[in-house]
Amino acid sequence: MTRHHLNIIGFIINCTWISIFFSGTPMMWILMGIASLLFLIFLSLGILLPNRNYFLTNTTRLNSDSVLLTFDDGPHEQLTPQVLETLRRHNIGALFFVIGKQAEEHPEIIQQILEAGHLIGNHTQTHPLMFAALRQDSVEKEIGLCDNTLIAQGIHPGTYFRPPIGYTNPRIARAVKKFKKRVIGWSLRSFDSVLKEEPKLLERVSSRIKPGDIVLFHDNLPQTEAILERFITQAKKNGIKFAQPKDLKTIFR
Ligand SMILES: [Zn+2]
């Protein structure tokens, strides 16, 4: 039972007791209005805050003191290899949520990611910005095509999935179930797509990082690549332990 189901049940219960006790009175319409408003507020929060597990179960933290770095929207021709080099220097293992179309264009970088011992996850084939507005068949097509792109490269697509932009809804929840995917969210959003000034981005992630975090970065953004070395060095000095490639197989257990 998801929170979405609980919200629907709550709404039905509210409508039932309101119509029993206030039938035919002006108060009935006021209370019905309040019940509808509450339903819509919870629904909107569920859509806008994917980490609240409203439509589906979403892993947003680790059950250990390690920190897992995740990189979305690659592979990027120049930046992803640089990110990989920084991670290699620090013996850090990460999870890359790749876009199928990007993977098609850069199969050699997908191989580099895997050879370095990192994990790969499905981030849809074309990363539609309105993913949450797509019809059921289009949602499934986006997930299936990304899997197929990886399979065509001889790679097992695995179970990890992250919806573009992070918004979810019942259609995405159904597709996730159908493809037997596990949705991985985050506990620390770097906002690297918004904070283009390196000092601000570095300050944001460095001041918020804590044990158990899953960090959301993008490996197709120059500012992320530019701060990564300083961020890791500073965090390590402050006692943060990043997941190593050897830890990744059991990272979500
Ligand atoms: Zn994305």
Side-chain angles (χ1 to χ4, degrees), residues 46-61 68-84 87 94-107 109-110 113-114 118-135 138-150 155 157-169 171-173 175-176 179 181-196 201 204-205 213-228 231 252:
I47 293 169
L48 297 174
L49 303 171
N51 284 356
R52 295 285 145 209
N53 291 328
Y54 184 80
F55 295 109
L56 41 79
T57 308
N58 194 357
T59 302
T60 56
R61 293 194 62 78
L68 176 67
L69 301 182
T70 66
F71 295 91
D72 289 11
D73 297 359
H76 183 279
E77 196 174 7
Q78 284 95 37
L79 297 173
T80 306
Q82 291 172 26
V83 166
L84 288 172
L87 297 177
L95 169 51
F96 288 81
F97 281 101
V98 301
I99 300 174
K101 251 182 79 185
Q102 295 293 112
E104 249 169 32
E105 283 173 32
H106 306 293
I109 304 178
I110 295 288
I113 293 173
L114 290 172
H118 303 294
L119 297 172
I120 278 187
N122 180 321
H123 198 41
T124 72
Q125 180 68 8
T126 66
H127 200 279
L129 290 179
M130 300 297 282
F131 185 64
L134 295 184
R135 286 167 23 167
S138 304
V139 169
E140 289 177 13
K141 201 171 149 195
E142 280 290 335
I143 299 174
L145 282 175
C146 183
D147 272 2
N148 289 344
T149 299
L150 296 171
I155 296 158
T159 58
Y160 304 127
F161 174 69
R162 181 176 281 167
I165 321 294
Y167 298 152
T168 54
N169 61 33
R171 292 188 296 277
I172 298 171
V176 161
F179 284 90
K181 294 290 182 190
R182 175 169 182 172
V183 178
I184 307 296
W186 55 82
S187 52
L188 175 55
R189 186 174 202 155
S190 64
F191 280 105
D192 51 356
S193 46
V194 183
L195 297 171
K196 295 192 167 73
L201 177 59
R204 178 181 165 85
V205 279
D213 268 339
I214 298 176
V215 187
L216 165 61
F217 277 127
H218 292 85
D219 57 326
N220 64 338
L221 297 174
Q223 58 271 30
T224 307
E225 192 282 320
I227 65 137
L228 195 59
F231 162 64
F252 294 114

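Whatever order the structure lists ligands and atoms in, that order sets their numbers, starting from 1. Every value quoted in this text rests on a predicted model; they were computed, and no experiment measured them.
His127 has its closest N, O or S atom to the Zn ion (ligand 1) at the position named NE2. The closest approach of Asp73 to the Zn ion (ligand 1), by N/O/S atoms, is made by OD1.
With 2.8 Å as the limit, His218 does not count as an N, O or S neighbour of the Zn ion (ligand 1).
No donor-acceptor pair closer than 3.5 Å links the side chain of Glu225 to the backbone N or O of Val83. Between the His118 side chain and the Ala94 main chain, a donor and an acceptor come within less than 3.5 Å of each other. Judged by distance alone, the side chain of Gln125 and the main-chain N or O of Gly144 form no donor-acceptor pair under 3.5 Å.
In summary, of the residues considered (Arg162, His218, His127), a side chain to side chain donor-acceptor pair (under 3.5 Å) with Asp72 occurs for Arg162 alone.
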